[in-house]
Amino acid sequence: VPFRYVSVAASSIAILLGAVSCGRDDSASPSSGSGAASATVVVYCSADKEFAEPIFRAYEARSGVKVLPLYDTEETKTAGLTARLAAEKDQPRADVFWSSDTSRAVALVDQGLTAPYVPKTSESIPDQYKSRDGAWTGFGARIRVLLYNTEHVKADEAPRSVLDLTQPRWKGRVAIANPHFGTTSFHLAALFVKWGDEKAVDFMRQLKNNGVVIAAGNADVRDRVADGRVYVGIMDEDDAVVALRDKKPVAIAILDQEGSNGLGTPLMPNVALLVRGAPHVDQAQRFIDFLVSADAEKMLAESDAAQYPLHPGVPGPTLLPPLPQIRAMEVDYREVARRLPSMDAAVRNVFGL
Amino acid sequence: VIDRLRLSRLPPALPLAMLLAATAAPHTFLAVRFATAPAIDVMSIAPALLFALTGGVVSAVAGGLLGAVAGTLETRGRRWAIGMSAVLVAAPPAFWWIGLTRLTPAFGSLSGAGSGSGVAGLAFASVTFLLVLAGAREIPSSAYEAARLSLGPVRRIAFVLFPLLRPPLLAGFLLTVVLLLGESEIPFLFGFRTSMTDIVTTFSQTFDAGRVVPVIVPLLATVVVLGLLLVEPLFTVILPAPTGGRGVVRKPANVVVAASLFVLPAMMTLSLSGYAWAAMSGPFAWRARSVDAVGVSVAEPVLCALVSVGLAVAAAYPGRRSASVRALAVAGLLLFCVPTAVVGIGWITIGHSVGGFHVTPAVAYVSRMIGLSSLAFLVAYSRVPQSLDDAARLVPVSSFRRAWTFSIPLLAPSLAAAAALTAALIFADRDVASLLLAPGASRLMLNLYLMSANAPSAVIGAAALVTFVASAVAIALAAAVPSVLLWRRRG
């Protein structure tokens, strides 16, 4: 047979194989068997892989259900997965969305991409951290903290408020993560809600003029502070705790705690969402029951994730002050979600990102 | 059936043209999106070009100097230095950079486009280095020997050696620029904006190709222009020279010059030392967690590389002597120049357009790499003496058997090199993996980035070392399979 014919056949087969290999993967098809051993649950997870995996393993050991997680990268935290969920809304692939960013999770609810579900284990979670109709349920909260390098900054010199970061003392020595993504976007959008657009944009301009370093993610901010490349940085408490664990020359300060009108620091519960049209609804509901349970919160508090349990009576992280001693920023998560687009536009305008 | 379908009248280059057209499907879809809503965003192409051009200059200078030394002088350990320098392509620039920052925080204090260009340019200096080395082997020995007799070292290098090496230097510079235009990790790490950071962030925020097409179009236009500029110098290096008596006669070098050859291997060793240092900082239980996904991370690039090379050979072989070979080789080169993330976005767009189908990463990898494999085959074949191919035609066997037994084994080294390079590039990818991997799937290189957020240093260091070793294994396997298959036949 002349090679030319083989070649035409091979090329045609290659093109066909290419097309055939593009298809709905097994994880998206409803589980056929009723036995838990063959069951799976697809979880889109914007929490750090490092912290989420022990939870998944614990659930697998407890239920026999295989968890198929999909994470997003540090640079596109949470925004990447919410966009993916929106793009897949007609043919959802995910069953559950574990969002580490409260506002973007609530935005998904507003877009109608989720289905209501009241977890059996959520009764004792305070009302402000969940919606009454089960549209979303918070668990394992984090706060925003300031990490400073103790070789360059004494405890009494550390900034007390986010507004202090615009002072000349900190010129070129402050780092924040890319404000388009993750909890930094939540933090800035929350400031838009509390201060109004004008003051918030002015604050961003002052930060820019003060040479704020925009890092790839919160972990990058932490590393820059720990290495002394910058002196202070804002991040989530779990990122800061990792630096303490690694015995870096750093200390944690919680911003905006002083004064009768103190702003407070943003408190951001993780959010468990049932995806509308989830391929494995039963498994998704059982997984959410576990995720928001006191057991899972205890694991998250005891691990390096150092997250604050929302169930009363569950011990909190040991390296941080107890939650009742922290002045949390009073903010409507839904309103923060609504401010995300205008905050994004302002970030693009001010920082050129 | 064959006669009835009149397949014998098909143009011999048709299979390769069909295959390349199929691999261009993502680009075609993005072009259609652009045609339906034409808009261009050129805000980020200028900083992207500045970053890539500066990195290209660094690569050309560093790689050029080292290549000239390795190509004209004989030193102890020269082969080792060349081999280790080539290993730099086994991982992306960000991998090497992060390893260095683990060694000392002083490295980590660098930021901005200038520093990023320097680091990325040095990491890609091995590309220019290898091209210059190949170019030095094509220099007429008589011409360079005459220059050695009549000119001092400085004048000889400035007025004879570097002009003779202009094609590989230019090819190394342009290839580095093309590769850096597709780079997003270094800009993220050094905190500046390029077209790729815009594409990655905007697409992640929207998952809508329509939003990134305005940024992709100027980037692709730039890449195509650079790819076309690359054709002449690259083909000059990789196609056989018409002159006889090739290659500079290498003369012994002094110790200092010999030591300079180890600059790139030293960088690589320092970076790996940084990871090793980090890996030793924690208990074994932590380090042991880093071996997840080794098997699939090795198997995928090897299989994709073999499929790419196999398909390219099958499709290109019939048209190896046709008049359109050069055009097809250029098309293959241009397809390879398109950044991986853009190919991935194109495939996602296709998936959405045809009813929410999910494209596997392997499809995106193979579709991008077939162009490179086709180029490798066509170039390698052009280096085979015509008489050998003619002699093979005298043997009374089928054309398939003739190709498998006589012709293709002659190309074994080039096909093995193409498979190795393909496997290296696929292993190093993070963009397609993060866009197209199915839930529950994982890859070592992506895991490394995911765990770099908050994993203990010991885990990250161990994971990086495991990743590097797995990359080396994947590259070796990809190169070994065609070598063994074809070498046995040649024997």
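Letters A, B, ... are given to chains in the order of the sequence lines, protein chains preceding strands, and every chain is numbered from 1.
Contacts between B:Ser434 and chain A at a heavy-atom distance below 4.5 Å involve backbone atoms as well as side-chain atoms. Heavy atoms closer than 4.5 Å to chain B are found in the side chain of A:Tyr44, but not in its backbone.
Taking every heavy atom of both residues into account, B:Leu437 and A:Leu70 meet most closely at O-CD1, 3.5 Å. The two residues B:Phe207 and A:Ala87 make their nearest non-hydrogen contact at CB-CB, 3.7 Å. Nearest heavy-atom pair, B:Leu189 versus A:Arg224, reported as atom, atom and distance to 0.1 Å: O-NH2, 3.0 Å.
Of the listed residues (B:Leu436, B:Asn447, B:Ile350, B:Ile348), the greatest number of heavy-atom pairs within a distance under 4.5 Å of chain A belongs to B:Asn447.
The structure places OG1 of B:Thr101 at 7.0 Å from CZ of A:Arg229, a figure rounded to the nearest 0.5 Å. For the atom pair CZ of B:Arg102 and CG of A:Asp223, the computed distance is 6.0 Å after rounding to the nearest 0.5 Å. Separation of atoms CZ (A:Arg348) and OG1 (B:Thr201) is listed at 8.0 Å; rounding is to 0.5 Å. From B:His352, atom NE2 reaches atom CD of A:Gln91 across 9.0 Å, with rounding to the nearest 0.5 Å.
Put simply, the side chain of A:Arg84 gets close to the backbone of B:Leu435: a donor and an acceptor are under 3.5 Å apart.
Between B:Ser457 and A:Asp246 the shortest side-chain heavy-atom distance falls below 4.5 Å.
Within 6.0 Å of CE in B:Met43 there are 12 or fewer heavy atoms belonging to other residues, nucleotides or ligands.
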